[in-house]
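Just so you know, these numbers use all the heavy atoms, side chains as well, and skip hydrogens, waters and symmetry mates.
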Amino acid sequence: MTEQYVSDLREIDETQVAVVGGKGAHLGELSRIEGIGVPDGFCVTTDAFRRILAEAPSIDDRLDRLSRLNPDEREAIGALGAQIRRTIEGIAIPGDVAAAITRALAGLGEQAGCAVRSSATAEDLPTASFAGQQDTYLNVVGPTAILRHVSRCWASLFTERAVIYRLRNGIDHRTVRMAVVVQRMVFPHAAGILFTADPLTGNRKVATVDAGFGLGEALVSGLVNPDVFKVRDGEIVAKAIAAKQRAVQALPAGGTREVAIDAQRQEQPALTDAQVVRLVELGRRIEAHFGRPQDIEWCLVDDGFRIVQSRPITTLFPVPVTEAGDRENHVYVSVGHGQMMTDPMKPLGLSMWRLTAMVPMHEAGGRLFVDVTRRLASPVSRAGLLDVIGRSDPLIRDALETVLDRDDFVPSLPDADPGGPPTGGASAPTEADPAIVTELIERSRASIAALERDIRTKTGPALFDFLPAAFEEHKRVLGDPLNLRAIMAAMEATWWLNDKLQEWLGEKNAADTLTLSAPDNVTSQMGLALLDVADVIRPRAEVVAFLQGVRDENFLEELAEIEGGTEARDAIEGYLDRYGMRCVGEIDITRPRWRERPDTLVPVILDNVRNFEPGAAERRFEQGRRKARKKEQEVLSRLRALPDGDRKADETKRMIDRVRSFIGYREYPKYGIISRYFVYKQALLGEAERLVQAGVLAEKEDAFYLTFQELHDVVRSNRVDDRLIRRRKDAFRSYHALTPPRVLTSDGEAVTGAYRRDDVPAGALAGLAVSAGTIEGRARVILDMAEADLEAGDILVTPFTDPSWSPLFVGIAGLVTEVGGLMTHGAVIAREYGLPAVVGVEQATRLIRDGQRIRVHGTEGYVEFLS
């Protein structure tokens with residue numbers, strides 16, 4: 001096959017990324033859109049880059065070493081990258097490659113000023129823009145200089161920032177090739193960037209134009225603040241004109257320079273309003289052509305626009321897909337914020353949660369959302385929804401109210417049954433009857449036992465015929481009216497106690513102490529049970545030493561071979577028999593469970609061995625129970641001393657009994673869900689293993705990148721689309737870079753919400769008070785439970801905590817999370833253990849440094865920094 005070293009931009013389209021890189025492919029495609037002006041040019045292809053690498057075999061070894069580094073080893077990355085760049089720049093461009101470039105250059109004018117621009121094959125992709133990672137050179141004049149700068153562009157594939165970006169995005173250095181775009185320079189009056197969606201809010205209907213005088217380099221480099229225009233539906237809805245004191249201009253002999261702008265011109269707009277609107281119209285055409293919002297670099301030359309780049313905006317959170325042709329406004333609430341798991345989920349996890357959920361859900365960016373538009377449109381259901389959400393997560397309520405304040409975004413409809421579980425009210429039982437909880441737990445256990453029994457005989461298509469009925473039983477147990485009544489009883493009693501005791505006694509969040517060590521809380525029992533495991537291991541020195549060296553999930557087999565190891569193994573196995581279906585991010589069925597990766601628990605067990613004395617679990621529970629009892633007596637005594645005190649005390653006693661009867665059960669339905677999930681997962685992994693043995697799947701985990709229905713089809717047909725699995729893996733990797741919003745509109749706007757409070761001291765971080773008390777200590781910022789290294793008295797700071805984190809709670813003094821609400825699992829367990837806790841603290845893991853001393857105000861709801 002003959003290698004082609006140069007391609008004219010007009011001969012290129014977006015299918016040729018492997019040959020001309022992302023930038024080259026986009027520019028070629030842009031030049032094909034009627035009415036879009038793109039400066040003439042050509043692309044030096046990746047064939048030329050391959051020739052250069054072939055001239056330097058020593059690069060192979062350096063690439064191997066580079067691939068073994070992690071993104072934080074900046075010094076080593078910088079040194080290796082510099083060696084590779086020097087090698088590439090030192091290689092003479094082969095004669096035939098140089099001749100091809102020189103011939104193409106003659107077509108532009110040999111002495112014409114040119115832009116020489118890097119175009120990597122992993123650049124300007126839908127999932128990773130790589131914007132600014134490689135080099136661009138402006139106004140390069142003459143063949144010799146052009147060839148020198150082409151070499152520099154090739155070498156820039158190995159700048160420190162480009163290497164780190166690839167490492168963080170999981171892209172193999174060897175799979176990336178560099179092409180180089182050479183274009184005739186344009187010398188603009190003004191230049192800048194057009195975003196066809198608002199890059200700050202994500203709103204797809206609002207375009208943003210940044211504009212400055214001269215070349216766009218002045219804006220990109222931060223030399224000047226740009227004029228900013230916002231355009232919606234063909235009209236400028238906002239503009240801010242900056243004082244533009246400097247500009248970058250091209251020099252006649254080549255290169256660029258900074259120049260001062262005349263004082264009287266500095267505050268003149270770089271574009272007229274009409275030009276802004278016309279530019280946005282061009283942007284909308286480009287966006288329509290590529291099918292997604294674009295980040296467009298433009299130049300204004302003689303009142304005509306030239307487009308010098310267009311790439312996807314990869315930072316926008318995707319909009320949930322609605323039915324084809326649906327043009328109505330929609331408001332979506334994040335499921336992950338309620339479930340304390342905002343990481344992306346794999347396709348099988350998403351589809352399984354949707355198939356077993358009580359309400360319809362929509363998918364976007366690897367996360368799930370519930371459409372609440374109809375509930376917001378009806379006055380009565382709106383009030384109920386905002387009340388329940390506001391008590392749980394004030395940021396979501398504020399975000400919804402922000403949307404409601406906008407005229408006509410949510411239509412007003414007559415009251416109707418909104419569907420879904422009740423939002424509160426009369427359904428809760430009036431009396432505290434512990435037999436209700438006993439009955440509900442027994443019903444759940446019986447249903448799961450039946451599932452385990454019936455699924456054993458099901459394989460192949462028969463399994464997929466069986467599972468839909470299992471999902472219906474799953475939803476029947478969850479939707480059992482008695483189940484919903486018990487949950488609401490706990491929540492409403494908690495709210496009543498907090499509201500009334502603040503009104504009558506001036507006490508904030510009094511229910512937090514009254515719920516300590518409530519019975520039947522499977523999640524708090526899970527944390528305490530791991531203390532009992534530590535009690536078995538602590539006196540066995542050889543076992544402790546062995547566990548300190550554990551590195552993989554197969555350690556239990558080896559454990560029985562050392563002295564005292566059999567008892568330790570039995571204790572861990574007993575724990576896994578009851579709780580092994582749990583894990584971090586457990587709502588995603590594809591996440592590895594503790595039973596599958598028991599080594600995940602080892603660091604927590606060792607922390608418990610080090611930080612606690614024998615019998616700690618029983619003592620902790622009993623201390624909490626006594627503290628709650630004492631608080632109850634104190635509250636009732638104080639109430640009886642008030643006017644009408646006997647009535648108030650009697651009502652409060654009924655609510656205390658109700659909350660202690662039902663608040664522990666609040667955690668059980670999730671335990672039941674996750675228990676079922678493990679049964680489903682084992683059956684589905686059995687099918688995946690058979691597909692691997694049949695040569696259909698490369699590895700069983702590939703099944704996680706298929707939806708339930710797609711996996712069903714693969715099992716039935718014994719055929720799979722490998723390209724689909726590769727695309728899903730790339731998309732899943734890219735979703736990790738996205739921050740899911742609490743509230744998202746169909747316009748793509750991410751609405752964050754705010755705390756409307758004036759009681760937070762200056763410099764403190766506001767959040768939601770979920771567990772009373774004040775504590776000072778060392779902040780431990782932990783993003784991965786498996787890497788936790790906690791000492792007694794530490795304060796855990798983390799993005800979110802689902803029930804699987806509760807074993808860590810027994811060893812900490814306080815809790816701060818970025819996500820959570822009053823009745824989410826982390827909050828419930830923090831109250832169970834008496835840990836001061838503040839949740840919903842925006843960017844807590846970035847603003848609080850690991851090791852920093854902080855004070856957590858769990859009653860008031862904020863976090864202070866201490867010197």
Could I get the full list of side-chain contact (heavy atoms from CB on, under 4.5 Å) partners for [X], not counting sequence neighbours?
{"X": "L69", "answer": "L66, E73, A76, I77, L80"}
{"X": "P394", "answer": "Y755, L768"}
{"X": "T513", "answer": "L516, K627, K631"}
{"X": "R853", "answer": "E776, L866"}

Would you say the ring centers of Y668 and Y671 fall short of 6.0 Å from each other? yes
Distance-only, no hydrogens or angles: does the [X] side chain make a donor-acceptor pair with backbone N or O of [Y] under 3.5 Å?
{"X": "D794", "Y": "I812", "value": "no"}
{"X": "Q852", "Y": "R849", "value": "yes"}
{"X": "N483", "Y": "P669", "value": "no"}
{"X": "N509", "Y": "D512", "value": "no"}
{"X": "T600", "Y": "R597", "value": "yes"}
{"X": "R757", "Y": "G861", "value": "yes"}
{"X": "T859", "Y": "G773", "value": "yes"}

Over 12 foreign heavy atoms within 6.0 Å of [atom1], [X]:
{"X": "E75", "atom1": "CD", "value": "no"}
{"X": "E618", "atom1": "CD", "value": "no"}
{"X": "E563", "atom1": "CD", "value": "no"}

So [Y] and [X], do their side chains get closer than 4.5 Å, heavy atoms only?
{"X": "I436", "Y": "R485", "value": "no"}
{"X": "Q339", "Y": "F800", "value": "no"}
{"X": "R367", "Y": "S334", "value": "no"}
{"X": "L514", "Y": "M655", "value": "no"}

Should the pair Y833 and F809 be assigned to parallel (<30°), tilted (30 to 60°) or perpendicular (>60°) ring geometry? perpendicular
N-O pairing of [X] and [Y] below 4.0 Å:
{"X": "D657", "Y": "K653", "value": "yes"}
{"X": "R619", "Y": "E622", "value": "no"}
{"X": "R780", "Y": "D850", "value": "yes"}
{"X": "D599", "Y": "R551", "value": "no"}
{"X": "E596", "Y": "K681", "value": "yes"}
{"X": "E832", "Y": "R620", "value": "no"}
{"X": "D433", "Y": "R658", "value": "no"}
{"X": "K670", "Y": "D802", "value": "no"}
{"X": "R569", "Y": "E557", "value": "no"}

Ring pair (Phe, Tyr, Trp, His ring centres under 6.0 Å) with Y862: which residues, sequence neighbours excluded?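 H857.
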Using the test ring pair (Phe, Tyr, Trp, His ring centres under 6.0 Å), find all partners of F704 that sit at least two apart in sequence or belong to another chain. none
Which residues share a salt bridge (charged side-chain N to carboxylate O under 4.0 Å, His left out) with [X], sequence neighbours left out:
{"X": "R445", "value": "none"}
{"X": "D607", "value": "R610"}
{"X": "R538", "value": "D535"}
{"X": "E818", "value": "none"}

According to the salt bridge (Lys or Arg N to Asp or Glu O under 4.0 Å) rule, which pairs have a member within residues 834-847, sequence neighbours left out?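 Sorted result for residues 834-847: R742-E842.
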Under the salt bridge (Lys or Arg N to Asp or Glu O under 4.0 Å) rule, what pairs show up with a residue in residues 334-343, not counting sequence neighbours?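 As it turns out, the salt bridge (Lys or Arg N to Asp or Glu O under 4.0 Å) pairs with a partner in residues 334-343, which skip direct neighbours, are D343-R591.
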Worked check of ring-ring contact (aromatic ring centres under 6.0 Å, His included) between F662 and Y665: CA-CA 5 Å; F662 295 118; Y665 179 72; 8.1 Å; no
Is there a donor in the side chain of T356 and an acceptor in the side chain of Y677, or the other way round, less than 3.5 Å apart? yes
In a check of side-chain contact (heavy atoms from CB on, under 4.5 Å) between R582 and each of P803, S675, S806, P807, which one passes?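 Testing each of P803, S675, S806, P807 against R582, the sole residue satisfying side-chain contact (heavy atoms from CB on, under 4.5 Å) is P803.
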Can you name the closest pair of heavy atoms from G826 and L815 and give their distance?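 Heavy-atom minimum between the residues: O-CD2, 4.1 Å.
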